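Down below is the structure, laid out as structure tokens.
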Amino acid sequence: MELIKSIVFLNSILLLLLLFIGSVYSQISIPSKQDGFWYENRNAKTDSILIEAFLDPVCPDSRDSWPPLKRAIQHYGSRISLVVHPFPLPYHDNAFITSRALHVVNDLNTSATYRLLEAFFGQQDKFYNQATFHLSKASVVDKVTKFTSNAIGNLNYAAVKAGFTDPQTDQATRTSFKYGCVKGVYGAPFFFVNGFPLPGAGSPLDYNEWRNILDPLFSPEEQLRTGNVDFFL
């Protein structure tokens, strides 16, 4: 009898837990389009290998992870599709504002998004610690706006400034962060290959590590073709 009561009690707890999880997920509104920025506007195809990268524009480890990943993408060519999701870490100064800048620019010109990301990676020291410690939020937004317009062309200053007052870019940045949380992302950089998370989250992968991960996913003939491409570069 006591065993039956225990089973009933445990089932009740499990049901309450499932209802709680369901209520949390029901509060996440589904966005009208997929999150993320496609590298070279090359969307994933059914026969391509998909890499999802969660990066923080002002995260040093995200910065260090980008050159070897970019080199790997160039090595494999069109057989690889890459989508970057901005993941603003709450303990990095101005991570949300710089991530929002990526959404602002992506709305204006998708071909400029990665140019801005690389600009942030190249000058991260302008956006954290003492560089912005004494600045108001409005001053930081203005600084990021000017930096962004310089990175993609000064003629875009007014459009970039307007983008930071558009609630849609704020919502898009929040959605990026929530999407990462739903996927179990807890740091940056964080990578998925064909939907499966890679080990070593929060640390960069070097070029050889990417080759060791991706080479086995190609047939010997495809590996030979990519090797020949490298030979002629």
Side-chain angles (χ1 to χ4, degrees), residues 31-42 52-71 73-74 82-180 185 187-190 202 204:
S32 59
K33 62 179 182 179
Q34 290 181 331
D35 182 72
F37 314 124
W38 293 99
Y39 184 66
E40 295 185 342
N41 293 321
R42 195 166 64 220
E52 291 182 88
F54 290 81
L55 305 177
D56 179 339
V58 290
C59 167
D61 287 324
S62 293
R63 174 198 63 204
D64 295 342
S65 74
W66 175 242
L69 173 57
K70 183 179 179 180
R71 182 183 172 191
I73 299 299
Q74 293 170 339
L82 167 68
V83 59
V84 165
H85 305 278
F87 192 71
L89 295 170
Y91 44 83
H92 283 156
D93 294 342
N94 307 312
F96 188 88
I97 295 173
T98 52
S99 294
R100 186 176 182 181
L102 294 173
H103 281 286
V104 170
V105 167
N106 198 66
D107 286 345
L108 296 173
N109 181 5
T110 55
S111 64
T113 309
Y114 279 86
R115 191 159 75 243
L116 177 60
L117 179 63
E118 291 181 341
F120 280 134
F121 284 160
Q123 301 186 59
Q124 285 183 341
D125 58 336
K126 290 184 175 182
F127 301 105
Y128 54 62
N129 296 335
Q130 291 301 315
T132 60
F133 185 77
H134 296 290
L135 297 180
S136 66
K137 181 179 178 181
S139 297
V140 173
V141 170
D142 185 62
K143 182 175 182 176
V144 171
T145 300
K146 291 176 179 176
F147 179 88
T148 298
S149 63
N150 286 333
I152 66 172
N154 282 315
L155 293 177
N156 294 284
Y157 176 78
V160 173
K161 185 176 181 180
F164 271 102
T165 62
D166 183 353
Q168 294 298 321
T169 62
D170 177 77
Q171 185 60 44
T173 312
R174 294 169 186 261
T175 297
S176 292
F177 180 75
K178 292 176 181 178
Y179 179 69
V185 175
F190 204 110

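None of these values were measured; they are calculated from a predicted model. Nothing fancy with the numbering, it's 1 onward along the sequence. The basis for the numbers below is simple: all heavy atoms, side chains too, and nothing from hydrogens, waters or symmetry mates.
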Between CD on residue E118 and OG1 on residue T113, distance to nearest 0.5 Å:
11.5 Å

If you define the side chain from C-beta out and look only at heavy atoms, does anything of L82 sit under 4.5 Å from L69?
yes

Determine whether the side chains of T98 and H92 contain a donor N or O and an acceptor N or O closer than 3.5 Å.
no

So does K143 have more than 12 non-hydrogen atoms from other groups sitting under 6.0 Å from NZ?
yes

Heavy-atom closest contact (K146 atom, Y157 atom, distance):
CG-CE1, 3.8 Å

Tell me, do N150 and F147 make a side-chain contact under 4.5 Å, heavy atoms counted?
no

Output for pair (L117 CG, W66 CH2), nearest 0.5 Å, gives 6.5 Å

Run V160 and I152 through side-chain contact (heavy atoms from CB on, under 4.5 Å) and show every step you take.
CA-CA 10 Å; V160 173; I152 66 172; 4.1 Å; yes

Please test V140 against I97 for side-chain contact (heavy atoms from CB on, under 4.5 Å), starting from the C-alpha separation and ending with a verdict.
CA-CA 8 Å; V140 173; I97 295 173; 3.7 Å; yes

For the ring pair Y114 and Y39, is the centre-to-centre distance below 6.0 Å?
yes

Which of these passes side chain to side chain donor-acceptor pair (under 3.5 Å) with S176: Q171, H103, R100?
H103

Mind telling me whether F87 and F54 have parallel, tilted or perpendicular rings, with 30° and 60° as the class edges?
perpendicular

Which atom of S99 lies closest to which atom of T173, heavy atoms considered:
CB-CG2, 3.9 Å

Close side-chain approach of T148 to F120, heavy-atom, < 4.5 Å
yes

Look up atom CZ in F127 and atom OG1 in T132, then write down how far apart they are to the nearest 0.5 Å.
9.0 Å

Can any side-chain N or O of S62 pair as donor or acceptor with the backbone N or O of D56 at less than 3.5 Å?
yes

If you take all heavy atoms of L55 and S65, which pair is closest and at what distance?
CD2-OG, 3.8 Å

Between D93 and V58, which heavy-atom pair has the shortest distance, and what is it?
O-CG2, 3.5 Å

Would the distance check show the side chain of D61 and the main-chain N or O of P189 forming a donor-acceptor pair, the cut-off being under 3.5 Å?
no

Please report the interatomic distance CD(Q130) to CG(L135), rounded to the nearest 0.5 Å.
10.5 Å

Hey, what do you get for CG (N129) to CG (N94), rounding to the nearest 0.5 Å?
10.0 Å

From H85 NE2 over to D35 CG, what is the distance, rounded to the nearest 0.5 angstrom?
5.5 Å

Quick check: do N156 and N109 have side-chain heavy atoms less than 4.5 Å from each other?
no

If you compare all heavy atoms of A131 against all heavy atoms of D125, which two are closest, and at what distance to 0.1 Å?
CB-O, 3.3 Å

Taking CZ in R115 as the centre, count heavy atoms belonging to other residues, nucleotides or ligands within less than 6.0 Å. Is the count above 12?
yes

Would you indicate whether the side-chain heavy atoms of D170 and F96 approach each other to under 4.5 Å?
yes

Mind listing the closest non-hydrogen atom pair of A95 and L89 along with its distance?
CB-O, 3.5 Å

